[in-house]
Number of protein chains: 2
Amino acid sequence: MTDTAPQHIHSRDNALLKDLRRLAQDSHAYRKQGRIWLEGDHLCRAALQRGLQPSHAVFQASYFGTAGHQWADAAGKVVTIEDGLFATVSALESPGRMAFVLPLPPQPALQPDAPTVILDGLQDAGNVGAILRSAGAFGFPQVLAMKGTAALWSPKVLRAGMGAHFGLRLVEGLEPQRLDGLQVPLLATSSHQGDYLHRAALPWPCAWVLGHEGQGVGAVLSARATQFVRIVQPGGEESLNVAAAAAICLHASAAAHAR
Amino acid sequence: MTDTAPQHIHSRDNALLKDLRRLAQDSHAYRKQGRIWLEGDHLCRAALQRGLQPSHAVFQASYFGTAGHQWADAAGKVVTIEDGLFATVSALESPGRMAFVLPLPPQPALQPDAPTVILDGLQDAGNVGAILRSAGAFGFPQVLAMKGTAALWSPKVLRAGMGAHFGLRLVEGLEPQRLDGLQVPLLATSSHQGDYLHRAALPWPCAWVLGHEGQGVGAVLSARATQFVRIVQPGGEESLNVAAAAAICLHASAAAHAR
């Protein structure tokens, strides 16, 4: 870390603390501030391993006292926050003891032929983060979030993504016509049409479309799908969690491609 | 609903309100109170459809005013809570407008030969709920939660389970030796041993063992596993969310069995 002394914050009205609190608690604040809030030592280490460097490394004061030396590789301004105050910054159920502030990565261009996951209005941060992890694991390097989907770089999606963000090409806020630029077929699940996934011939590369937790894939994107598949459900009427369905579909593509 | 007039609560110190708040906010309170808190109209309807009846039907006052008549099928005491107070009861990020209080179902006996999911120390309510949904969908009617796993009937797991609880045989708080009573082989995922899942011969019925979010399946249950499988991950080093891995494994069993 830099040699300048850490800035210690002990007032809840400190201006930087207020900015950080907004960044940590408001899932859209990263767009205005142009920077992201990465909370928890696991995530921060994942960022460093990818060669990313924070503009600010923010620590709970007591944690910095005992473990600050472990973070000597981190660039940026060191900020320590009075222990009781740190929890007032975090929006997580289990607040981390530290966080990085990183510049928001510039939005990349859409890559026409990349294996892709399309998020059509998903709302739950845990689901979105889990799907980013599955996309990374199963060889889908591009994720496109349609307008109305949960903000991808929000602290909660970052937390649930466990570092997957940094290995993916993430494009968000898309209108449907932007998908005209894609050259891969769009696949979606259905409750009533198409072959069963485990028997279907799956194209590669492809784009899987995943829909809103309650309403599923919207009519506009359904009309663009070139193939529907059904997921066999011998247990009957239960609906699947969307991140569970995503994992099954992405894994099926990866397994078919790996054969 | 019964003909007796609703009980209206407008004081935050009301004794019943305090009990309900504890039930809604403390994930272990159901064990002491012997009843569960089912929040949200979707979940409550799912319970009614299964023939379950609440001891209390609890409404935000304004919602009861406009939609109370839709709940004429629900038995039990009707309780209406001042709008502002209702949110102080809920522990959910998006509080429902109503909830049922239901008797905690008695813990069933372990069924030796049932397709089974074993939860070995999972902590996240969203993950546990998603796995219960997958278990229901893929024909695994029995779920065994080892001691140390998140409380299955907590309000958050109930919410994430979306009604799956009511179709499953749920046994919790198990010590490892209780698994001696199981007659089905135990399967687990591994990062380094076993066939790839998509090529593996899977026994049926079986029990899938799913581990803690950070540490995976513990040594005690690993030693009891008779088969390990790997999940192909062409994307490389990313780890999967445990509910995503569970969905992939349970679906693979269902697909192999359905062939």
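In what follows, chains carry the letters A, B, and so on, assigned in the order in which the sequence lines appear, proteins first and then strands, with residues in each chain numbered from 1.
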Student: Should L240(B) and S134(A) count as side-chain neighbours, where that means a heavy-atom distance under 4.5 Å?
Tutor: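 Yes. Closest side-chain heavy atoms under 4.5 Å.
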
Student: Of all residues at least two apart in sequence or in a different chain, which pass the side-chain contact (heavy atoms from CB on, under 4.5 Å) check with S27(A)?
Tutor: S154(A)

Student: Restricting to side-chain contact (heavy atoms from CB on, under 4.5 Å), what partner residues turn up for H28(B), sequence neighbours left out?
Tutor: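 Checked H28(B) against side-chain contact (heavy atoms from CB on, under 4.5 Å); matches are D26(B), R31(B), A151(B).
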
Student: Can you tell me which portion of L197(B) sits under 4.5 Å from chain A's heavy atoms? Options are side chain, backbone, both or neither.
Tutor: side chain

Student: Between CE of M162(A) and OG of S239(B), what distance do you get to the nearest 0.5 Å?
Tutor: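 If I round to the nearest 0.5 Å, the distance is 5.5 Å.
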
Student: So which of E93(B), H42(B), H251(B) has the largest heavy-atom pair count under 4.5 angstrom toward chain A?
Tutor: H251(B)

Student: Drop me the distance from N127(A)'s CG to N241(B)'s CG, to the nearest 0.5 angstrom.
Tutor: 9.0 Å

Student: Taking P141(B), P234(B), A244(B), G126(B) one by one, which has the highest count of heavy-atom pairs under 4.5 Å against chain A?
Tutor: P234(B)

Student: Look up atom CG in L250(A) and atom CD1 in I248(B), then write down how far apart they are to the nearest 0.5 Å.
Tutor: 8.0 Å

Student: Identify the heavy atoms of V232(A) and F138(B) that sit nearest to each other, and give their distance.
Tutor: O-CE2, 3.1 Å

